[in-house]
Amino acid sequence: MVYVGFDIGGTFVKYGLVAENGTILNKGHMPTSHKLEQLLADIEAIVQNYAAERQITAIGVSAPGIIKQDGFMVTGGALRELYQVNLKQLIEDKTGYNTTVENDANAAAIAEQWLGNAQGIANYLTIVLGTGVGGGIVINGDIYRGTHGMAGEFGFTLTRDFNETVDKNIEIASQNFSSSVSKGLLETYNRAEKQAGYPEKQTDDARAIIERTQAGEPVSCRVFDTYVKHIAVNLVNLIGTFDPEVILIGGGISNSTFFIEQVQQKVLALLQQHGSLAPLVGKTTATVLPTKLRNDAGIIGAVFQAIKQGKH
């Protein structure tokens with residue numbers, strides 16, 4: 001049996017033909033239309049192309065936002081036209097195939113459980129750093145969704161009071177985790193370079209900031225260090241709150257070994273300074289690792305949900 005998986009992002013829709021064992025037989029990507037009808041038409045066209053060559057069993061979709069188990073999109077991240085629609089029903093009506101719709105961070109977490117770095121682990125967290133910040137909470141082997149499907153929205157986490165006075169030179173864009181670890185890195189870096197008199201160094205690629213940090217450029221080092229500290233504080237809070245066996249970091253920036261190592265070192269340093277958690281380091285505190293499946297996690301996790309749904 002083969003399945004079609006879609007990973008809908010704010011910029012691109014990644015898609016693939018996936019075997020029942022998780023092997024991706026074919027994959028591609030296309031720009032994300034922010035018009036609902038066009039997005040549905042694009043999805044239908046991909047499914048029809050695959051169906052012309054193979055017998056499709058079902059469709060799995062990974063999408064941003066707060067999503068109920070019945071496929072109803074409470075929110076849709078940057079895709080405003082996905083708010084308050086039942087994406088599952090719309091795709092089924094368009095394609096004729098049974099469809100499951102899962103939050104993108106949950107899909108990534110599920111994929112890691114199936115084929116990635118969470119195999120055999122019952123309790124773990126996944127945090128996905130991208131255009132926004134998403135999270136997946138797995139408790140006793142199952143995704144924890146919360147009452148309204150909002151569980152795991154780590155990007156909503158406040159890191160300081162809205163009225164708190166901070167050093168404007170190193171302020172991360174906003175008070176919440178979402179702003180501070182995604183757009184905040186780029187925005188803060190670009191603002192700092194401009195203030196330092198180097199507007200030509202502004203960038204829209206976090207990899208450039210990492211490379212400049214590794215090269216020891218002062219502005220990059222200062223901004224990146226603040227960024228890593230911010231993430232580490234949140235990860236320590238998650239360790240104390242959920243007691244996971246592992247926390248997996250996904251998203252494009254997780255491809256950087258330097259970034260992962262810096263986060264790991266800072267988390268360890270904070271744990272060792274923590275009066276209550278320090279005695280537990282190396283005994284019960286979670287390991288921080290990158291996800292294994294990287295950019296394919298959304299597609300694979302979406303399909304895994306479709307496979308499980310078909311067995312119920």
Side-chain angles (χ1 to χ4, degrees), residues 105 109 112 116-129 133-139 144 152-161 164-167 169-182 184-185 188-189 206 209-210 212-251 253-292:
E112 291 294 318
N117 283 337
Q119 293 180 72
I121 297 176
N123 299 287
Y124 65 96
L125 305 176
T126 299
I127 181 167
V128 180
L129 307 177
V133 178
I137 303 169
V138 177
I139 299 175
Y144 175 71
E153 290 291 346
F154 301 142
F156 294 167
T157 303
L158 291 177
T159 54
R160 60 180 173 84
D161 187 278
E164 181 182 343
T165 301
V166 296
D167 182 347
N169 291 321
I170 60 170
E171 179 184 8
I172 298 294
S174 185
Q175 290 89 349
N176 64 55
F177 192 17
S178 179
S179 293
S180 63
V181 300
S182 53
L185 173 63
T188 305
Y189 173 77
I209 301 174
I210 292 173
R212 293 168 189 176
T213 301
Q214 290 178 285
E217 293 190 15
V219 173
S220 301
C221 289
R222 178 165 53 86
V223 173
F224 184 78
D225 183 58
T226 301
Y227 170 68
V228 169
K229 287 178 181 177
H230 211 74
I231 292 173
V233 167
N234 279 275
L235 295 185
V236 169
N237 288 337
L238 292 174
I239 288 170
T241 302
F242 289 98
D243 185 28
E245 184 171 343
V246 67
I247 296 179
L248 302 177
I249 301 179
I253 198 169
S254 70
N255 291 322
S256 167
T257 300
F258 175 76
F259 165 72
I260 293 295
E261 290 175 348
Q262 292 299 305
V263 172
Q264 290 171 331
Q265 290 172 16
K266 188 58 184 176
V267 167
L268 178 59
L270 288 174
L271 288 172
Q272 290 173 334
Q273 296 170 44
H274 195 294
S276 298
L277 292 175
L280 306 177
V281 173
K283 300 174 183 178
T284 64
T285 53
T287 303
V288 177
L289 297 171
T291 55
K292 179 180 179 180

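Pairing each heavy atom of Ile253 with each of Ala206, the nearest pair is CD1-CB, 4.5 Å. Closest approach of Ala105 to Gly135, counting heavy atoms only: CB-N, 3.3 Å. Nearest heavy atom pair, residue Gly250 against residue Thr291, reads CA-OG1, 3.6 Å.
With sequence neighbours left out, the side-chain hydrogen bond (donor to acceptor under 3.5 Å, both in side chains) criterion links Asn255 to Arg294. In this view, Asp225 and Lys229 satisfy the side-chain hydrogen bond (donor to acceptor under 3.5 Å, both in side chains) rule, not counting sequence neighbours. Under the side chain to side chain contact (heavy atoms under 4.5 Å, CB included) criterion, Ala109 pairs with Tyr124, Thr126, Val138, Ile143, sequence neighbours left out. Residues that satisfy the salt bridge (Lys or Arg N to Asp or Glu O under 4.0 Å) test with Glu217, not counting sequence neighbours, are Lys201.
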Output a table of donor-acceptor pairs, distance under 3.5 Å, between side-chain atoms of residues 256-263 and any protein atom two or more places apart or on a different chain; print 'none' if there are none.
from   : atom 1 : to     : atom 2 : distance (Å)
Ser256 : OG     : Phe258 : N      : 3.4
Ser256 : OG     : Phe259 : N      : 3.1

Below 3.5 Å, can you tabulate the donor-acceptor pairs from side chains in residues 265-287 to any protein atom, sequence neighbours excluded?
from   : atom 1 : to     : atom 2 : distance (Å)
Gln273 : NE2    : Ala269 : O      : 3.1
His274 : ND1    : Ser276 : N      : 3.2
His274 : ND1    : Leu277 : N      : 3.2

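The distance from the CZ atom of Phe242 to the CG atom of Asn123 is 11.0 Å, given to the nearest 0.5 Å. Separating the CD1 atom in Ile121 from the CD atom in Glu245 is a distance of 4.5 Å, to the nearest 0.5 Å. Here Thr213 contributes atom OG1 and Tyr227 contributes atom OH; the two are 11.0 Å apart, rounded to the nearest 0.5 Å. With rounding to the nearest 0.5 Å, the separation of SG in Cys221 from CD1 in Ile209 is 11.5 Å. Between atom CG of residue Asn234 and atom OG1 of residue Thr241 there is a gap of 10.0 Å, rounded to the nearest 0.5 Å. Separation of atoms NZ (Lys292) and CD (Gln119) is listed at 5.5 Å; rounding is to 0.5 Å.
Without hydrogens or angle criteria, Gln264 side chain to Val288 main chain gives a donor-acceptor distance under 3.5 Å. Side-chain atoms of Asp243 never come within 3.5 Å of backbone atoms of Ile239 as a donor-acceptor pair (strictly under, hydrogens ignored). Side-chain atoms of Asn117 never come within 3.5 Å of backbone atoms of Leu289 as a donor-acceptor pair (strictly under, hydrogens ignored). Side-chain atoms of Ser220 do not come within 3.5 Å of backbone N or O of Gly216 as any donor-acceptor pair.
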Exercise. Take Ile249 and Leu235, measure what side-chain contact (heavy atoms from CB on, under 4.5 Å) needs, and give me the verdict at the end.
Key: CA-CA 10 Å; Ile249 301 179; Leu235 295 185; 4.1 Å; yes
Self-check item: Evaluation steps, side-chain contact (heavy atoms from CB on, under 4.5 Å), between Ile137 and Phe154
Solution: CA-CA 10 Å; Ile137 303 169; Phe154 301 142; 3.9 Å; yes
Quiz item: Run the side-chain contact (heavy atoms from CB on, under 4.5 Å) check on Arg212 and Phe224 step by step: do they pass?
Solution: CA-CA 10 Å; Arg212 293 168 189 176; Phe224 184 78; over 6 Å; no
